Number of protein chains: 6
Amino acid sequence: MTSFTRADGRAPDQLRPIRITRGFTTNPAGSVLIEYGNTRVMCTASAEQGVPRFKKDSGEGWLTAEYAMLPAATHERMPRESMRGKVKGRTHEISRLVGRSLRAAIDLTLLGENTINIDCDVLQADGGTRTASITGAYIALADAIAYLTAQGVVPGNPLLPPIAAVSVGIIDGHVCLDLPYEEDSRADVDLNVIMTQEGKFVEIQGTAEHNTFSRDELNAMLDYAEKGCKELIEAQLASLGK
Amino acid sequence: MTSFTRADGRAPDQLRPIRITRGFTTNPAGSVLIEYGNTRVMCTASAEQGVPRFKKDSGEGWLTAEYAMLPAATHERMPRESMRGKVKGRTHEISRLVGRSLRAAIDLTLLGENTINIDCDVLQADGGTRTASITGAYIALADAIAYLTAQGVVPGNPLLPPIAAVSVGIIDGHVCLDLPYEEDSRADVDLNVIMTQEGKFVEIQGTAEHNTFSRDELNAMLDYAEKGCKELIEAQLASLGK
Amino acid sequence: MTSFTRADGRAPDQLRPIRITRGFTTNPAGSVLIEYGNTRVMCTASAEQGVPRFKKDSGEGWLTAEYAMLPAATHERMPRESMRGKVKGRTHEISRLVGRSLRAAIDLTLLGENTINIDCDVLQADGGTRTASITGAYIALADAIAYLTAQGVVPGNPLLPPIAAVSVGIIDGHVCLDLPYEEDSRADVDLNVIMTQEGKFVEIQGTAEHNTFSRDELNAMLDYAEKGCKELIEAQLASLGK
Amino acid sequence: MTSFTRADGRAPDQLRPIRITRGFTTNPAGSVLIEYGNTRVMCTASAEQGVPRFKKDSGEGWLTAEYAMLPAATHERMPRESMRGKVKGRTHEISRLVGRSLRAAIDLTLLGENTINIDCDVLQADGGTRTASITGAYIALADAIAYLTAQGVVPGNPLLPPIAAVSVGIIDGHVCLDLPYEEDSRADVDLNVIMTQEGKFVEIQGTAEHNTFSRDELNAMLDYAEKGCKELIEAQLASLGK
Amino acid sequence: MTSFTRADGRAPDQLRPIRITRGFTTNPAGSVLIEYGNTRVMCTASAEQGVPRFKKDSGEGWLTAEYAMLPAATHERMPRESMRGKVKGRTHEISRLVGRSLRAAIDLTLLGENTINIDCDVLQADGGTRTASITGAYIALADAIAYLTAQGVVPGNPLLPPIAAVSVGIIDGHVCLDLPYEEDSRADVDLNVIMTQEGKFVEIQGTAEHNTFSRDELNAMLDYAEKGCKELIEAQLASLGK
Amino acid sequence: MTSFTRADGRAPDQLRPIRITRGFTTNPAGSVLIEYGNTRVMCTASAEQGVPRFKKDSGEGWLTAEYAMLPAATHERMPRESMRGKVKGRTHEISRLVGRSLRAAIDLTLLGENTINIDCDVLQADGGTRTASITGAYIALADAIAYLTAQGVVPGNPLLPPIAAVSVGIIDGHVCLDLPYEEDSRADVDLNVIMTQEGKFVEIQGTAEHNTFSRDELNAMLDYAEKGCKELIEAQLASLGK
């Protein structure tokens with residue numbers, strides 16, 4: 001392998017600067033601005049009484065999530081999905097991913113028949129918006145649960161230990177952690193990994209964007225992802241004052 | 001008239017604290033966070049080459065605007081319009097108002113065949129989101145025009161002097177300037193006024209929410225609106241360093 | 001000011017010929033054809049038992065309105081909104097205006113838990129369709145209330161005194177009342193005013209289409225609007241045999 | 001067969017009173033109000049240059065049609081299709097029927113590359129709205145063609161001899177012509193027939209609403225339909241002054 | 001009449017080879033693959049408890065049907081209707097026809113408050129897809145009723161004797177039964193007939209695609225249709241082992 | 001680990017019976033019925049001239065895919081997406097996965113400016129519909145390419161060696177290959193793997209449905225997936241006569 005330098009000077013296994021701002025807005029039970037470098041996502045967790053029909057009378061709660069990009073978040077402005085009248089497949093896909101992942105961070109049986117709505121709205125996009133969304137949404141969820149518990153709405157303590165998410169890719173044959181847009185757009189492989197505090201996988205999604213990848217390359221990427229998720233969870237715990 | 005106190009202690013003709021943050025995000029040509037008290041709106045202006053069909057080969061440019069609320073902007077989370085598949089009448093109405101108003105602040109004949117897209121996304125709503133959107137969008141427009149001029153894309157200087165917008169209402173018989181949500185929801189009359197720097201009207205919209213209003217009451221409201229718009233335009237000019 | 005002649009020979013403060021035909025169709029509780037010159041709108045008021053969810057168990061009724069143009073109402077045929085699958089912002093905006101205005105002409109607490117649906121369908125458009133809709137819908141509402149009262153469905157008498165609506169504009173520096181399409185399309189300012197019988201405002205909407213307007217100009221326009229609304233209310237009362 | 005009396009006193013093979021008002025509105029090239037008893041349909045024919053893509057460069061024209069009911073046309077108000085965001089199957093079906101039928105009354109090769117848009121909007125519904133639409137649309141088409149010819153837009157004379165449409169049904173075992181709503185809703189069989197002036201079929205649609213029907217019953221219905229269409233074509237010719 | 005040969009060598013009054021495969025898939029209560037020559041339609045009948053709102057508490061059941069083409073069923077792939085977000089008028093029209101026809105083959109008063117959903121999905125289209133759908137759906141319905149009866153869900157025996165459907169057309173002046181796509185696309189007239197076992201009509205739909213048709217031609221077509229439906233009903237009965 | 005028996009008696013690393021039927025329908029360039037046990041998917045590949053706008057004048061081709069379930073494919077009938085007017089997130093997600101995967105099996109630079117449309121329609125669902133779709137679509141693609149090559153439409157040979165897809169899961173602590181619905185619905189982890197003939201990954205998607213999973217468990221699942229994909233590719237090659 002020849003020497004390889006990233007445009008922003010990071011080491012291959014180094015995260016971008018991570019910033020977590022709690023209480024970013026005041027109306028939702030939890031509201032967080034998370035930044036992975038220039039990627040900035042507003043993550044909120046709102047609670048409402050009752051559950052969707054398929055959970056009715058189950059005694060359990062539910063958590064659902066919606067992800068969206070503001071039209072001016074990207075370099076070229078994108079048409080607003082509400083005006084197109086259709087949600088893009090990519091948006092649906094990420095919303096479903098965020099919801100599934102966050103459900104791994106909450107014990108629905110202890111939530112009572114309440115629904116948590118996670119909203120992840122990308123204010124500025126520079127790669128890794130889905131991973132930032134998940135990592136940030138966990139903090140918003142934690143704040144919302146604390147609020148609901150303080151209100152006496154939630155019977156037990158449904159919050160599970162943190163989960164965090166990061167992307168890894170292969171660029172010109174080099175494994176790199178936490179890709180900004182410039183790297184993401186030319187990566188041969190793109191892998192998103194969501195992990196728990198104890199190092200178990202919640203979800204892995206690896207895609208050969210321009211080139212297939214071997215078992216060895218997968219393993220190298222997973223090593224980086226594990227390191228990244230650990231550091232992100234440390235940032236989450238620090239933000240929560242734990 | 002009996003003595004009357006506003007919940008936030010303001011004088012009847014006093015604006016909420018106004019904050020304007022330029023360069024709030026980096027991708028659009030102009031990006032502004034404007035705050036009227038707790039109301040916070042991200043206003044962006046993006047430029048693209050070409051114009052809609054009805055302006056083709058006119059030699060002129062066009063400006064259009066879209067307004068939206070993030071789902072968690074309000075006290076109770078609102079369903080996301082893209083997921084409902086329909087844009088609400090209120091959203092359409094405000095988008096059209098913002099577009100019309102901003103077109104009064106630009107000379108389209110000097111813009112060349114370019115289109116400016118204004119996006120006003122409400123991050124936190126506490127009354128007056130449409131007026132904050134217009135006032136903030138002017139700054140985003142100014143920054144976008146400066147950018148386009150620097151790029152050599154725009155032939156002349158299409159930016160006109162500032163416009164600003166404010167609401168006035170009648171609450172329990174008292175005229176009040178710049179209503180937060182708590183006042184707005186119980187106002188008898190709600191008037192939105194958009195004015196130019198020289199004190200002319202761009203648009204006035206007065207609605208008897210719970211009670212009709214007399215010509216005298218209209219005049220009293222217009223006096224307050226004029227004062228409010230003047231102060232807002234001073235804030236705009238200060239923000240632009242003029 | 002130089003001498004100024006309107007294309008149809010009217011004085012600046014003169015309405016077009018107003019015609020009101022009650023009982024235009026027989027199925028709805030109230031059905032009116034209203035004509036402002038060549039503008040012809042069919043206004044109906046239909047009653048149904050029950051109220052929307054947000055009014056349930058309030059003991060009060062509700063009134064809602066929908067405005068639409070037939071595709072061939074305009075000089076150039078317009079695509080049918082049902083076929084486009086989307087309602088235009090302009091349509092939404094006018095429907096909301098008609099509904100708000102008519103709710104100022106009815107005491108919902110005396111309507112019982114019934115809903116009145118106002119439909120304003122423009123058969124032929126020549127400017128002022130929204131103002132004709134409001135003036136005509138009041139008559140349809142009056143007839144529907146009379147019908148419901150005769151049926152014993154409505155407990156009290158919820159009908160309030162008449163409201164009427166008219167447009168005023170500034171054309172080549174001249175204030176003109178009740179603009180037909182030819183004037184409306186080149187007016188610098190367009191003001192729609194909805195007033196009650198006692199001369200109070202229900203709604204005012206003034207827009208600088210091509211030029212901003214001063215406080216003095218606003219006052220001149222309001223004077224004309226007041227005169228126009230008075231005459232329209234006389235026509236309404238005559239039509240109702242009062 | 002026992003003696004049988006129709007609610008409106010008509011003979012079994014008698015049409016309702018037919019009224020045709022040409023020039024009902026002034027903007028479209030052809031505009032007709034047609035009445036079959038209490039059923040009233042506004043039929044317009046608008047012309048535009050150019051043809052849909054599948055006819056491009058064919059040298060031929062095209063004709064398309066849209067049918068709709070105003071919400072208050074029926075006894076119980078129906079939701080407006082534009083607000084539902086979906087056109088009902090029944091509406092699509094009738095629009096297609098009207099279009100197909102009218103294309104049998106025009107020689108598209110003589111129309112030049114122009115498109116005729118037929119709009120049939122039901123103002124008041126009392127059975128037979130689709131048949132009244134077709135009969136009325138022929139007159140609107142004739143007026144539009146005359147207008148286009150006078151304008152020099154249409155090279156030849158594309159109008160073919162009249163077509164007309166009528167419904168026949170079986171009620172309590174009795175064949176009846178031109179059913180109003182009260183009869184239509186309890187008919188065992190409903191047959192719609194569109195014929196040319198020379199007595200040929202353009203379309204027949206027979207449906208066993210509550211009971212199947214025999215070949216003999218079909219023949220009896222077709223006899224009545226033929227008589228009805230002849231009389232309708234006479235009314236068309238009289239209206240056109242031929 | 002000159003001698004006339006069909007491309008596939010059939011006699012003018014001869015059906016294409018008919019194949020009926022019961023139990024084509026295993027999840028629905030009834031599942032049939034029906035083939036009219038190269039036209040292949042999968043027809044299923046699924047049962048669910050309960051009825052639509054307009055049938056609630058009627059003690060009766062309901063039957064509804066949906067028809068669709070797979071995108072690759074036709075020679076040129078057609079866009080998928082779910083992706084367009086709109087169902088085509090043709091699809092609506094056929095779905096309604098299939099539903100109406102099948103309701104003539106079931107006594108809804110004996111079905112209990114259950115709903116039968118018929119789905120007809122065209123795997124391969126070669127003309128006559130709507131008629132094949134109806135004929136095949138009857139078998140799927142019969143199997144579903146037998147299943148529901150065996151389950152003890154259905155109180156009585158709601159299945160009525162068979163119905164079948166076939167197309168007839170006039171090509172170059174010759175009446176032909178059961179048109180494949182090649183004939184259908186150039187037929188002057190297209191008639192679809194749905195009949196019962198005792199030879200009564202459920203529905204007839206005749207359309208002059210390129211030429212009007214006389215009463216004599218209609219009679220000749222109906223004779224062929226009657227012959228075709230008889231043979232189809234024999235095939236149905238054989239398939240059901242009756 | 002205790003002894004563990006699968007409901008269908010298969011060994012943990014054993015595929016269900018795989019059946020591939022080429023030429024299942026005749027209109028598309030490639031048409032395949034693939035069966036993984038009771039899961040049956042019709043996969044077609046249709047070719048059209050030209051490419052989407054973002055590929056215009058690139059000299060390259062494009063491949064896109066759509067996946068859908070017939071309403072009666074599942075145990076309980078599901079509403080038809082075209083009738084709902086919205087495509088579900090799951091459908092979008094799988095369509096995108098199929099498209100991405102198949103693009104790894106074709107060299108778009110050798111396809112010329114043509115577009116391949118892959119359609120995967122599930123006739124019967126019993127788990128693994130997305131993996132069966134991918135494996136089957138490769139065969140349809142191969143047949144379509146052969147057809148295009150024979151037609152002289154495609155300049156080079158764009159087909160790459162086979163790809164295949166399979167699911168693996170963890171059920172009660174046991175890793176199992178190729179899950180039917182009964183296993184899939186209670187699996188703790190669900191991993192879908194798409195591989196090339198040379199054993200490289202095209203895509204991996206692993207989801208902790210009810211339980212997170214360790215790196216060791218991931219490795220065990222990947223071993224099974226590799227074995228499964230190898231066998232599927234053998235079946236593909238056999239089907240293609242290679």
Side-chain angles (χ1 to χ4, degrees), chain B residues 54 64-67 85-105 107-108 160-161 163 170 188-219 221-223 225-226 229, chain C residues 64-67 76 85-105 107-108 160-161 163 170 188-219 221-223 225-226 229:
Chain B
F54 68 91
T64 185
E66 287 174 10
Y67 162 99
K86 280 196 209 177
V87 173
K88 290 197 293 184
R90 179 186 178 276
T91 300
H92 267 308
E93 197 172 303
I94 300 179
S95 293
R96 284 160 54 85
L97 171 66
V98 175
R100 276 198 312 270
S101 299
L102 270 293
R103 282 194 292 273
D107 184 339
L108 296 173
L160 300 180
I163 63 163
I170 302 181
D188 286 323
V189 182
D190 183 23
L191 179 76
N192 291 292
V193 176
I194 297 104
M195 295 189 90
T196 64
Q197 189 173 4
E198 58 177 332
K200 290 200 154 192
F201 296 110
V202 174
E203 183 119 5
I204 58 171
Q205 293 195 340
T207 301
E209 299 277 347
H210 301 114
N211 215 338
T212 54
F213 54 104
S214 68
R215 185 79 172 260
D216 285 348
E217 287 171 319
L218 175 63
N219 279 322
M221 289 191 286
L222 290 173
D223 290 344
E226 194 172 334
C229 285
Chain C
T64 184
E66 287 173 11
Y67 162 98
E76 298 244 329
K86 278 199 210 177
V87 172
K88 289 196 293 186
R90 178 184 179 278
T91 300
H92 267 309
E93 197 171 304
I94 300 179
S95 293
R96 285 161 53 87
L97 171 66
V98 176
R100 276 198 312 270
S101 298
L102 269 292
R103 282 194 292 273
D107 184 338
L108 295 172
L160 300 179
I163 63 164
I170 301 181
D188 286 323
V189 182
D190 182 23
L191 179 75
N192 291 292
V193 176
I194 297 106
M195 295 190 91
T196 63
Q197 190 173 3
E198 58 176 332
K200 291 198 152 190
F201 295 111
V202 174
E203 183 118 5
I204 58 172
Q205 293 197 342
T207 301
E209 300 278 348
H210 300 116
N211 214 338
T212 55
F213 54 104
S214 69
R215 185 79 172 259
D216 285 347
E217 288 170 319
L218 175 62
N219 278 322
M221 288 192 285
L222 290 173
D223 291 344
E226 194 171 335
C229 285

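Note that the structure is predicted; figures quoted are calculated from it, not measured. All heavy atoms count here, side chains included; hydrogens, waters and symmetry mates do not. The sequence lines fix the lettering, A, B, ..., with proteins before strands; numbering per chain opens at 1.
Contacts of C:V189 with chain B are absent, with no heavy-atom separation under 4.5 Å from either backbone or side chain. Looking at C:E226, only its side chain comes within 4.5 Å of chain B, counting heavy atoms on both sides. Neither the backbone nor the side chain of B:D190 comes within contact range of chain C; no heavy atom of the residue lies under 4.5 Å from a heavy atom of that chain. For chain B, the nearby parts of C:S214 are the backbone and the side chain; heavy atoms of each come within less than 4.5 Å. Neither the backbone nor the side chain of C:N192 has a heavy atom closer than 4.5 Å to any heavy atom of chain B.
When side chains are defined from C-beta on, B:I204 does not count as touching C:T207, because their heavy atoms never get closer than 4.5 Å. Considering only heavy atoms from C-beta on, B:L218 comes within 4.5 Å of C:L222 through its side chain. You'll find the side chain of B:R96 reaches within 4.5 Å of the side chain of C:R90, heavy atoms only.
Atoms CZ and CG, on B:F201 and C:N211 in that order, are 14.0 Å from each other to the nearest 0.5 Å. For the atom pair C:R103 CZ and B:H210 NE2, the distance stands at 10.0 Å (nearest 0.5 Å). Taken from OG1 in C:T212 to CD in B:E203, the straight-line distance is 12.5 Å, to the nearest 0.5 Å.
When atom types are taken as modelled, the side chain of C:R100 and the backbone of B:A208 share no donor-acceptor pair closer than 3.5 angstrom.
A salt bridge between C:D223 and B:R215 is present, with a side-chain N of the basic residue lying under 4.0 Å from a carboxylate O of the acidic one.
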